[in-house]
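Structure first, commentary second.
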Protein chains: 2
Amino acid sequence: MSPPQNEKRSVSLPDVASEAGVSTATAARALGGYGSVSRASREQVLAAAARLGYSRNELASSMITGRTSSIGLVLGDIENYFFSALARSVIDSAKARGYDVLVTNTDENIEAERTAVRVLQERRVDGLIVAPVFSSDTAHLARLTERGTPLVIVNGTIASLDIDCIIGDNVVGAGTAVDHLLSLGHRDIAIVFRSSGMPGAPMSPALASQSGSERVTGYRQSLERAGVTPRLDYQRGGGLRIEDAEIAVNTLLDLEHPPTAIVTTNSVIVLGLLRALAKRGLKVPQDMSVVNFDDPPWAAQVAPPLTTVAQPTKEMGELAVELLCQRLGSDGDPPGVHRLPTTMQLRESTGRLKARRPGRPPVK
Amino acid sequence: MSPPQNEKRSVSLPDVASEAGVSTATAARALGGYGSVSRASREQVLAAAARLGYSRNELASSMITGRTSSIGLVLGDIENYFFSALARSVIDSAKARGYDVLVTNTDENIEAERTAVRVLQERRVDGLIVAPVFSSDTAHLARLTERGTPLVIVNGTIASLDIDCIIGDNVVGAGTAVDHLLSLGHRDIAIVFRSSGMPGAPMSPALASQSGSERVTGYRQSLERAGVTPRLDYQRGGGLRIEDAEIAVNTLLDLEHPPTAIVTTNSVIVLGLLRALAKRGLKVPQDMSVVNFDDPPWAAQVAPPLTTVAQPTKEMGELAVELLCQRLGSDGDPPGVHRLPTTMQLRESTGRLKARRPGRPPVK
DNA sequence: TTGTAGGCGTTATCAC
DNA sequence: GTGATAACGCCTACAA
């Protein structure tokens, strides 16, 4: 005798309609807020819906309208500050425009990325924002655009597709970081980048992400401008986890001629670096200067506060959603690559190079 | 003349069926991997699907089967480490069981929570995991369970509903933190908790979340056990943002008799605390002992490494998904409250109380 | 093993 | 303003 007879078929539009004494069409119009409905009927329908505990089935609605009001977000590693900040920004921006977000984590695994894209497509998301694992292995992304599903790339570019790409100015950003270290007298500058291979492995384009590669490029170019020849053994893959990065840093510290400054290409790597230094009792910046790519909230609060290259994560997320919505509305400028500038946050983890040998006074 | 005639109707099951020269039923069976299909037909269908670039419409499928293979996750603030770690855990666990996750952020706003729950329900998620803003304002959650939608609560309990709740042992956790400070000789111990009101406002149950309130309770009980009367002006709401927490801490530091130790109830608040201390040149732990609730990866890497009360975020997320899946399968134990133990991470941000007045040597 | 036909819950298109 | 009715794309008895 109770209306909410659980575990049965849920109350649907015809139920509401008959309860309100109108047709399903009228009920749909009243509940959907479109077409024209008389005041009286609308109130009848709304009351009936409330009485029955009606909940509109978005699935059915989407099947008809062809849109789900949802977008898919495919990220590499949501534990990395860059991606979590990006996720936050995308979720907020999307909500402001009436979209929900389906978040997927790939762990920088191309197979996971392919699966994610397929599943999201099967869910008929209206559009996708993807931080791609590779900028070359993109058949699954090409298929998306062929089907006409709007796609925006973040933290990478896809040269073969005519779509919007948003990426930080990694070459310049890394360059300014190295320039800064050079200006402090450092010459033995290393870089530890996120890589999919074994931690400690030397640089190889296949191991690093596009962003990572670009940052290494900026690093090299800056050194070469200063007349310093980049050493391969100063360019190490730091793996994906804090522990991996720690191992990679240790291989650097164990070199016969260890670096005096290290650039890290993300916030996971830098934690491994700090851990490795702490375990050896090495002080920052006295024994080692450190610059990190990305500027998480805690960077300013560690001791010493970390000098970083900040990316405009919030703007990137907002722009991604905005561009996606332009495509959804089929208005907007032709797609292209959006390079967003980075900003150097000068704090205290970088110091002037001191002479290595005791007896020679530190340069002042 | 090209097969992928964009902006048209996408290729659907009947298209594949006719291309393969079989009925839609056979095509559906071949693609869905159920029923019995002859080897020959299956290959025909699969080939046709690949040729046409077929992508199954999960929406339509879900309408028939009644399940979407997706779960909704409603969180307070994904920028807070606790929630982002929880999200990561839930997303991973859910994927392992074949579910996608719809993540929503409420910013601890009850209205946003209501909307999120409604929208997710309209999307027909198979179940929901909610970190509730309030443990009392729960009509929208009650409606869910009435409809029969499985629901698991994290970081809170709902006494009025017979559902699974997962929550850290906040009273005990905060108690051990304060016990530790007491054992170091501290008596003037303050606590700054996440609150929705103005930063710096004194404790009020309406301002703090359930977890926050419980942590304050543990704090008070520990003090009282030690014969110390809790002071109201040592219990401050820290708002939601780092900047708010900084303000709250400043009101503490400006007291005529400021505390010698501070407990913070989450990782956003503690960053505000560290910032406030740094700006005043106060050293941790020499001038101020600090314990934080939650143990983000950077806590061990700041200087000094932070003493924290760690929650088992990974286990919480896994358990939430597991319990939800039990409800979905309608097997499993009767629902109840799962209190997960916290673990104290003793590091270096807490030190023995020094005498305040110069002249008296610090206690050693 | 295969095909036919009905239905999931909504929106859209018409007449009325 | 309102009400039949036909889609949307798929699953699933049931019959062949």
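In what follows, chains carry the letters A, B, and so on, assigned in the order in which the sequence lines appear, proteins first and then strands, with residues in each chain numbered from 1.
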Item to check | Full working for side-chain contact (heavy atoms from CB on, under 4.5 Å) between B:Ser62 and B:Arg124 | outcome: CA-CA 9 Å; B:Ser62 294; B:Arg124 294 295 185 265; over 6 Å; no
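- If you check every strand for non-hydrogen atoms under 4.0 Å, B:Ser36 touches a base.
- Remark: P of D:dG9 and CZ of A:Arg123 are 18 Å apart, rounded to the nearest angstrom.
- Rounding to the nearest 0.5 Å gives a distance of 9.0 Å between CD of B:Glu122 and OG of A:Ser61.
- Where A:Thr24 and B:Ala40 meet DNA chain C, the nucleotide closest to each residue was compared, and B:Ala40 sits on the side nearer the 5' end.
- When the P atom of D:dG9 is taken as reference, atom CE of A:Met63 falls 7 Å away, rounded to whole Å.
- In this structure, the CZ atom of B:Arg67 is 19 Å from the P atom of C:dC8, given to the nearest Å.
- Using a 4.0 Å heavy-atom criterion, one finds that A:Arg29 contacts the bases of the nucleic acid, with or without backbone contacts as well.
- Of the candidate nucleotides C:dT10, C:dT4, D:dC10, D:dC10 has the atom nearest to the side chain of B:Ala60.
- Scanning both residues, B:Ile166 and B:Met316, for their nearest heavy atoms gives CD1-O, 3.8 Å.
- Taking side-chain N and O atoms only, A:Arg56 has a distance below 4.0 Å to OP1 or OP2 of C:dT11.
- Residue B:Ile64 places its side chain closer to D:dG9 than to any other of D:dG3, C:dT10, D:dG9.
- Here A:Arg327 does not pair with A:Asp126 in a salt bridge; the nearest charged N to carboxylate O distance is not below 4.0 Å.
- For B:Thr65, whose side chain is taken as the heavy atoms from C-beta onward, the closest listed nucleotide among D:dG9, D:dC11, C:dT11 is D:dC11.
- At whole-Å resolution of the value, CG in B:Leu59 and C1' in C:dT10 are 12 Å apart.
- Using modelled atom types, one finds a donor on one side chain and an acceptor on the other under 3.5 Å when comparing B:Thr68 with B:Ser70.
- Phosphate contact (OP1/OP2 of D:dC10, side-chain N/O of B:Tyr54, threshold under 4.0 Å): present.
- Nearest nucleotide to the B:Ser23 side chain, out of D:dC11, C:dA12, C:dT4: C:dT4.
- One atom, CG of A:Leu13, and another, C1' of C:dT11, lie 9 Å apart when rounded to the nearest Å.
- The residue among A:Glu58 and B:Thr26 whose nearest nucleotide of DNA chain C lies closer to the 5′ end is B:Thr26.
- Between the P atom of C:dT2 and the CD atom of B:Gln44 lies a distance of 11 Å, rounded to the nearest Å.
- Listed nucleotides: D:dC11, C:dG3, C:dT2. Nearest to the side chain of B:Val37: C:dT2.
- Atom CG of B:Asn57 and atom C1' of D:dC8 are 8 Å apart (whole Å).
- Among the heavy atoms of the strands lying under 4.0 Å from A:Ser41 are primed sugar atoms or P, OP1, OP2 only; no base atom is included.
- In this entry the distance linking CG of B:Leu52 with C1' of D:dG9 reads 15 Å, nearest Å.
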